Number of protein chains: 2
Amino acid sequence: MADKEVIKILTENNLKVTPQRVAVLEVIMGLENHPSAENIVDYIRLNFPHVPFGTVYKILDAFIEKEIIQRVKTENGIIRYDSVKKPHHHLYCEDSERIEDFYDEDLNKLLENYFKKKKIPNFTIKDYKLQIVGKFKV
Amino acid sequence: MADKEVIKILTENNLKVTPQRVAVLEVIMGLENHPSAENIVDYIRLNFPHVPFGTVYKILDAFIEKEIIQRVKTENGIIRYDSVKKPHHHLYCEDSERIEDFYDEDLNKLLENYFKKKKIPNFTIKDYKLQIVGKFKV
DNA sequence: CCCCATTAGAGAATGATTCTCTTTTGATAT
DNA sequence: ATATCAAAAGAGAATCATTCTCTAATGGGG
Ligand SMILES: [Mn+2]
Ligand SMILES: [Mn+2]
Ligand SMILES: [Zn+2]
Ligand SMILES: [Zn+2]
């Protein structure tokens, strides 16, 4: 089972391993979709038909607290989630809610070098992401 | 009165000039804050104590439709608004809701050149913004 | 000044998220 | 293995930003 990695992440972060947490983290890591809470609940209910939204939200908050996952910025008031992996950017569909990862090592290098040289006055950078809006052709 | 520019924008976009619309657009263009609907209502009520939220939301939607303003991406489920001006990026405070504009012509050029050369497969770029998360020192 | 489409106003409805309280559970120590 | 207890899940209400529906007002062309 692919639970292995998930369980490892939970224990490393001093989070009790529970079936619900394993399920939530599996969903987020499995989907490349940046799922909403509703998406996550839909998936989990395939196995746990009665998981309440409140439980999922609490689990998500715990993961965010530990920085196992992050929230994805959106502009429609619905929160989306992303497992933390190697640095990447996001492609946003103009006319749907589709959001996909965009990995580009050259771009990462470019930005890293840029901000190494050029400091922003009165601001300490922790992280940055490019949000690219447009249309998917597929 | 600084209404002049606001009225010009409204008429250019075939939007009837009403006091409420003038007020909303003045607030968004005046504040560098990327205000939420609530922020906007708070300001407008200084002059129009009874403007309903529904009216403000409808005005905001009309402006977005005409691309006079844009929504700002956030990760807490509260929508923020930004008047459309020359291309810029955003600085997000890690521990508060502060969001500020970041103008950097060199960065704009850098990204423009990068994407001129490197196309993203199966995706047509319409716009992009760098979201920079960190701490303000002031 | 009239007319009418457009806009504002009022207020209910929706729906995502949070909160509060109770019950269950998982890990640890006996 | 069993008892213990803090942590987590479950249940359901509450919150609150946003949307919707309906009615009244209004601005701008004729
Ligand atoms: Mn669903
Ligand atoms: Mn307020
Ligand atoms: Zn991502
Ligand atoms: Zn801005």
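All values reported here derive from a predicted model rather than from experimental measurement. Below, chain A is the first sequence line, B the second, and so on; all start at residue 1.
- Between L10(B) atom CG and dG27(D) atom P the separation is 14 Å, expressed in whole Å.
- A nucleotide of DNA chain C counts as in contact with chain A when one of its atoms lies under 4.0 Å from a heavy atom; the first and last such, 5' to 3', are dA16(C) to dA27(C).
- Side-chain rings of F63(A) and Y81(A) stay apart, their centers remaining 6.0 Å or farther from each other.
- In this structure, the NZ atom of K58(B) is 12 Å from the C1' atom of dA25(D), given to the nearest Å.
- Atom C1' of nucleotide dA7(D) and atom CG of N14(A) are separated by 13 Å, given to the nearest angstrom.
- Rounded to an integer number of Å, the gap from E65(A) CD to dA7(D) P is 13 Å.
- The hydrophobic cluster around I99(B) extends to V72(B), Y92(B), V133(B), counting ILVMFWY residues whose side-chain heavy atoms fall within less than 4.5 Å of a member.
- Closest to the I79(B) side chain, of the nucleotides dT18(D), dG10(D), dG28(D), is dT18(D).
- Checking N76(B), T74(B), N39(B), N33(B) one by one against E97(B), the side-chain hydrogen bond (donor to acceptor under 3.5 Å, both in side chains) holds for a single residue, N76(B).
- For the pair T18(B) and A37(B), nearest-nucleotide mapping onto DNA chain D gives the more 5' position to A37(B).
- In this structure, K137(A) forms no cation-pi arrangement with F123(B), as its terminal cationic atom is not both closer than 6.0 Å to the ring centre and no more than 45° off the ring axis.
- Atom C1' of nucleotide dA9(D) and atom CG of N47(A) are separated by 17 Å, given to the nearest angstrom.
- Here the rule is salt bridge (Lys or Arg N to Asp or Glu O under 4.0 Å) with E75(A), and of R71(B), K129(B), K73(B) only K73(B) fits it.
- Each of D61(A) and L15(A) was assigned the nucleotide of DNA chain C with the nearest heavy atom; the assignment lying further toward the 5' end belongs to D61(A).
- Taking the six-membered ring for Trp and thresholds of 30 and 60 degrees, H34(B) and H90(B) have ring planes more than 60 degrees apart, a perpendicular arrangement.
- Between the CZ atom of R21(A) and the C1' atom of dA9(D) there is a distance of 9 Å, rounded to whole Å.
- The NE2-P distance, from H50(A) to dA11(D), rounds to 8 Å in whole Å.
- Nucleotides of DNA chain D nearest to K16(A) and S36(B) differ in position, and the one nearer the 5' end is that of K16(A).
- In this structure, K86(A) and Y103(A) have side chains that are in contact, with non-hydrogen atoms separated by less than 4.5 Å.
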